[in-house]
Visitor: 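Have a look at the structure that comes next, please.
Note that this is a predicted model, so its numbers are computed, not measured. In this chain, numbering begins with 1 at the start of the sequence shown.
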Amino acid sequence: MSTTYLDQQLKNKNSSWYKEYSFMKCAAVADIDHNAYIESKDKDSLMRYVAEKGAGATITNKEINTLFPVTVIYDN
């Protein structure tokens, strides 16, 4: 799923995404590899990060613990 599409759905108060996940403010945070799509490899990277962090191991994915600039504008 594209982060652009999901951001649009999160802004649309009539969408099922908004109703189910109104606490989500920005889809880009789920895009671990910053390719503008949320895919299963993003989930896999996040799961590996959580497992490594929890085990006290060396973190292998250097993208997760970084800040990536994202601008999201919501109409209120």
Side-chain angles (χ1 to χ4, degrees):
M1 169 183 306
S2 109
T3 54
T4 303
Y5 171 78
L6 182 52
D7 276 334
Q8 290 170 346
Q9 294 305 304
L10 292 172
K11 290 191 301 186
N12 179 355
K13 293 183 179 177
N14 295 317
S15 79
S16 60
W17 279 100
Y18 177 86
K19 292 173 184 173
E20 190 82 19
Y21 302 102
S22 60
F23 59 89
M24 271 184 81
K25 301 300 178 198
C26 176
V29 297
D31 180 19
I32 303 303
D33 60 3
H34 311 297
N35 68 351
Y37 291 92
I38 301 169
E39 304 166 299
S40 63
K41 62 184 176 179
D42 294 311
K43 172 204 45 104
D44 295 343
S45 292
L46 185 57
M47 289 175 60
R48 173 174 273 153
Y49 172 81
V50 170
E52 289 171 345
K53 190 76 167 173
T58 301
I59 305 301
T60 58
N61 187 328
K62 302 301 180 198
E63 293 178 330
I64 291 178
N65 235 1
T66 62
L67 294 175
F68 186 76
V70 175
T71 302
V72 179
I73 299 171
Y74 288 96
D75 297 328
N76 291 330

Visitor: Just jot down the side chain to side chain donor-acceptor pair (under 3.5 Å) partners of E20, sequence neighbours excluded, or say none.
Guide: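 Partners of E20 under the side chain to side chain donor-acceptor pair (under 3.5 Å) test: none.
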Visitor: Quick one: OG1 on T3 to CG on D42, what's the gap to the nearest 0.5 Å?
Guide: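 Atom-to-atom, T3:OG1 and D42:CG are 10.0 Å apart.
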Visitor: Name all residues meeting the side-chain contact (heavy atoms from CB on, under 4.5 Å) criterion together with Y18; count only those two or more places apart in sequence or in a different chain, and write none if there are none.
Guide: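 Counting only residues at least two positions away or on another chain, Y18 forms a side-chain contact (heavy atoms from CB on, under 4.5 Å) with K13, S15, S22.
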Visitor: Indicate, with yes or no, if Y21 and M1 share a hydrophobic cluster defined by side-chain heavy-atom contacts under 4.5 Å among Ile, Leu, Val, Met, Phe, Trp and Tyr.
Guide: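 In one cluster: yes.
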Visitor: Would you check if the side chain of D31 reaches a backbone N or O of N35 as a donor-acceptor pair within less than 3.5 Å?
Guide: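 Side chain of D31 to backbone of N35, a donor-acceptor pair under 3.5 Å: yes, one is there.
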Visitor: Could you grab the distance from atom CZ of F23 to atom CG of L10, nearest 0.5 Å is fine?
Guide: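 Result: 9.0 Å between the selected atoms.
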Visitor: Enter the distance from N12:CG to W17:CH2 here, rounded to the nearest 0.5 Å.
Guide: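 It is 13.5 Å, given to the nearest 0.5 Å.
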Visitor: State the OG1-CD distance between T58 and E52, to the nearest 0.5 angstrom.
Guide: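 Reported to 0.5 Å precision, the distance equals 8.0 Å.
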Visitor: Only counting residues at least two apart or in another chain, list the ones meeting side chain to side chain donor-acceptor pair (under 3.5 Å) with Q8.
Guide: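 Residues passing side chain to side chain donor-acceptor pair (under 3.5 Å) with Q8: none at all.
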Visitor: Could you tell me which non-hydrogen atom of L6 sits nearest to which non-hydrogen atom of M24, and how far apart they are?
Guide: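 Shortest heavy-atom contact: CD2-CE, 4.2 Å.
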Visitor: Which residues pass the salt bridge (charged side-chain N to carboxylate O under 4.0 Å, His left out) test with D33, not counting sequence neighbours?
Guide: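 With sequence neighbours excluded, D33 shows a salt bridge (charged side-chain N to carboxylate O under 4.0 Å, His left out) to K41, given in chain and number order.
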Visitor: Please find the pair of heavy atoms, one from A30 and one from I38, that lie closest to each other, and give the distance.
Guide: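 Heavy atoms of A30 and I38 come nearest at CB-CD1, 3.9 Å.
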